[in-house]
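For this chain, numbers begin at 1 and follow the sequence in order. As a basis for the values below, the full set of heavy atoms in this structure was taken, side chains included, without hydrogen atoms, waters or symmetry mates.
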Amino acid sequence: MALGILVSRLMGLVRQRVFAHYLSTSALAGAFTAALRIPNVLQNLFGEGVLSASFIPVYARLLGEGRREDAERVAGAVFGLLSLLVAVLVALGIFAAPWIVGVVVGGFAETGPAAFAKAVQLTRILFPSTGLLVLSAWCLGVLNSHRKFFLSYAAPVVWNLAQIAVLVAAGPRVNEDRLTTLLAWGVVAGSALQFAVQVPVVWPLLGRFRPSLDTTSAAMRAVFRGFLPILVARGVVQVSALVDTYYASLISPQTVAVLGYTQLLALLPVSLFGMSVSAAELPELARESALGPEAAERLRRRIDTGLERIAFFVVPSAVAFLLVGDVLGGLLFQTGRFDAADTRWLWYLLIGSAVGLVAGTLGRLYASAFYALQDARTPLVFAAFRVVLSAALAYVSVRYGPGWLGVPIELGAVGITATTGFAAWLEYLLLRRALARRIGPTGIRTRRLAWFWGSALLAGGLALLGKVWLAHRAGPAPSLARFWGAEVLPAPALSPVLVAALLVPVFGVVYLGLTALAGVSELKGVLRRLAR
């Protein structure tokens, strides 16, 4: 699963690098980012979120009990009902696009009226891709339940390739306005391809598959019992993403664009390590929960192992964002119209993202544990608390933070990512405490976690010193002059690829070496699984 996510996320980074080359952080880039965010909310809500958490536990349990015919009927009913639901939502979305855009990026009406009109046009084009991606998520649920993980998580590669093809073919030949329109159609085509590549593998697994609108069977009632609470819980999380976009639109369309780059990079470790472990464990935790007296002990062991596996990779990711985020941002996006000042802006937002990266990623596994126990209410309550808190704090940061601190208004966006991280820590602690009441204490061993952090901070400190030395030797990048803190934190006037090639290996080798020295490395297990 991690390998499939890695392949798709790396291709996503390639797509975003090509996007940055032609559109950078322009107002049209912000309009496209906002338009893509809106239908993606429905995809995440009804697809990878609710569908996985309500459908997979029921479907996997039926397979585990040998009730294959019942499992096939559930798969057909979920497919039929989901198809009907998304068809209605897509039609409503196309019709109501101006009102939806007004709610999501209402700030564009003042900070960029032309970007607002463009976002409405692009939203109408992009909405049909939502239905296709939700059906693709249904394929993911079936494949995961049959312990087939790679294809469903690697399938977004074709979604990214379709957009890259449009950008490369049309980017040098048309203006930005026309390019964003063509790119939106490329997204729709890529969504169709993502669903199509999974169908040949899914079909043989379903036996006598028949789509239906059945809502009466006991298994479907179990799906529905989980569906509504999880829908609300995931909806709360998606509202958080929309609120972040709205606050960014109050600053400028360009801020929406750079927030999009930040979220893509920040979600890479979350998806690669948090989502891969949590999604792989969900059907297994559902099976373990049916073992009676042995269930609690086995659940604790699986959760503790999963937490350590996640932390080993996410702790250094957070430290890298904090100390050398500009090196990573320059490597991935600094090309064409995306210059060193854009990279500096991206780094500041990554520093905010580093605040809650570990907590948000570990929290995914705890939420999966509650879903496996068929308790969707607890994650819902804590997610709602997190969203309300982060929304209030982010608003204060955007509206008043720059004035209080005497920094450019663009840096108010740092408050969006940082306050979300602070609220994520509170949610994580509440989830861990609530689960302990159900199955007993869980968590990462203190000594091991301390070694992860210590190794990552030492590795990051050495990389940071290397960056400062390179800036001293080569001279600071002149295009940083318009950004706050450029003199204090200079960037080397060298190729960002060269800087990353010198510093990233230092960070990686030091961290992996120190953790291996202490015997707390997960690297051997990963390499063993890849070799097998």
Parallel, tilted or perpendicular: rings of Phe312 and Tyr511 (30°, 60°): tilted
Only pairs under 3.5 Å count here: list side-chain donor-acceptor contacts from residues 433-443, not counting sequence neighbours, and write none if there are none.
{"residue": "Arg438", "atom": "NH1", "partner": "Asp375", "partner atom": "OD2", "Å": "3.0"}
{"residue": "Thr442", "atom": "OG1", "partner": "Tyr366", "partner atom": "OH", "Å": "2.9"}

Test side-chain contact (heavy atoms from CB on, under 4.5 Å) applied to Val14 and Asn160, step by step: CA-CA 8 Å; Val14 172; Asn160 289 302; over 6 Å; no
Arg364 backbone acceptor or donor facing Ser368 side chain under 3.5 Å: yes
Heavy-atom side-chain contact between Phe32 and Leu23 under 4.5 Å: no
More than 12 heavy atoms from other groups under 6.0 Å of CH2 on Trp185: no
Distance (rounded to the nearest 0.5 Å) between Leu431 CG and Thr378 OG1: 8.0 Å
Validation row: Phe333, Leu13 side chains within 4.5 angstrom (heavy atoms): yes
Beyond-backbone contact of Leu89 with Thr130, side-chain heavy atoms, under 4.5 angstrom: no
Sidechain-backbone polar pair: Ser8 side chain, Pro156 backbone, donor-acceptor under 3.5 Å: no
Shortest non-hydrogen separation from Trp138 to Val78 and the atoms involved: CD1-CG1, 3.9 Å
Minimum side-chain heavy-atom gap Leu299-Leu373 below 4.5 Å: yes
Sidechain-backbone polar pair: Trp425 side chain, Val355 backbone, donor-acceptor under 3.5 Å: yes
Worked verdict on Gln163 versus Phe19 for side-chain contact (heavy atoms from CB on, under 4.5 Å): CA-CA 9 Å; Gln163 295 172 67; Phe19 181 89; over 6 Å; no
Polar side-chain atom of Lys118 near backbone of Leu28 as donor-acceptor pair, under 3.5 Å: no
Main-chain N/O of Ile164 paired with Arg15 side-chain donor or acceptor, under 3.5 Å: no
Side-chain heavy atoms of Leu307 within contact of Leu365, under 4.5 Å: yes
Passing option when Ile125 is tested against Ile94, Thr180, Thr181 for side-chain contact (heavy atoms from CB on, under 4.5 Å): Thr181
Side chain to side chain, Val199 and Val202, heavy atoms closer than 4.5 Å: no
Neighbour count >12 (heavy atoms, 6.0 Å) for atom CZ, Phe150: yes
Criterion side-chain contact (heavy atoms from CB on, under 4.5 Å) on Phe108 and Val256, from CA distance to verdict: CA-CA 10 Å; Phe108 280 6; Val256 174; 3.7 Å; yes
Leu357 versus Ala266, closest heavy-atom pair with distance: CD1-O, 3.6 Å
Check: Thr305 side chain, Arg302 main-chain N or O, donor-acceptor pair, under 3.5 Å: no
pair Trp159-Val187: side-chain heavy atoms closer than 4.5 Å: yes
Heavy-atom closest contact (Leu193 atom, Val158 atom, distance): C-CG2, 3.7 Å
Check against side-chain contact (heavy atoms from CB on, under 4.5 Å), Arg386 and Ser240: CA-CA 9 Å; Arg386 173 175 63 83; Ser240 177; 4.1 Å; yes
Tyr261 (side chain) donor-acceptor with Gln16 (main chain) under 3.5 angstrom: no
CD-CZ distance between Glu308 and Phe452, expressed to the nearest 0.5 angstrom: 6.0 Å
Sub-4.5 Å side-chain heavy-atom contact between Phe321 and Thr417: no
Heavy-atom closest contact (Ser129 atom, Val188 atom, distance): CB-CA, 4.0 Å
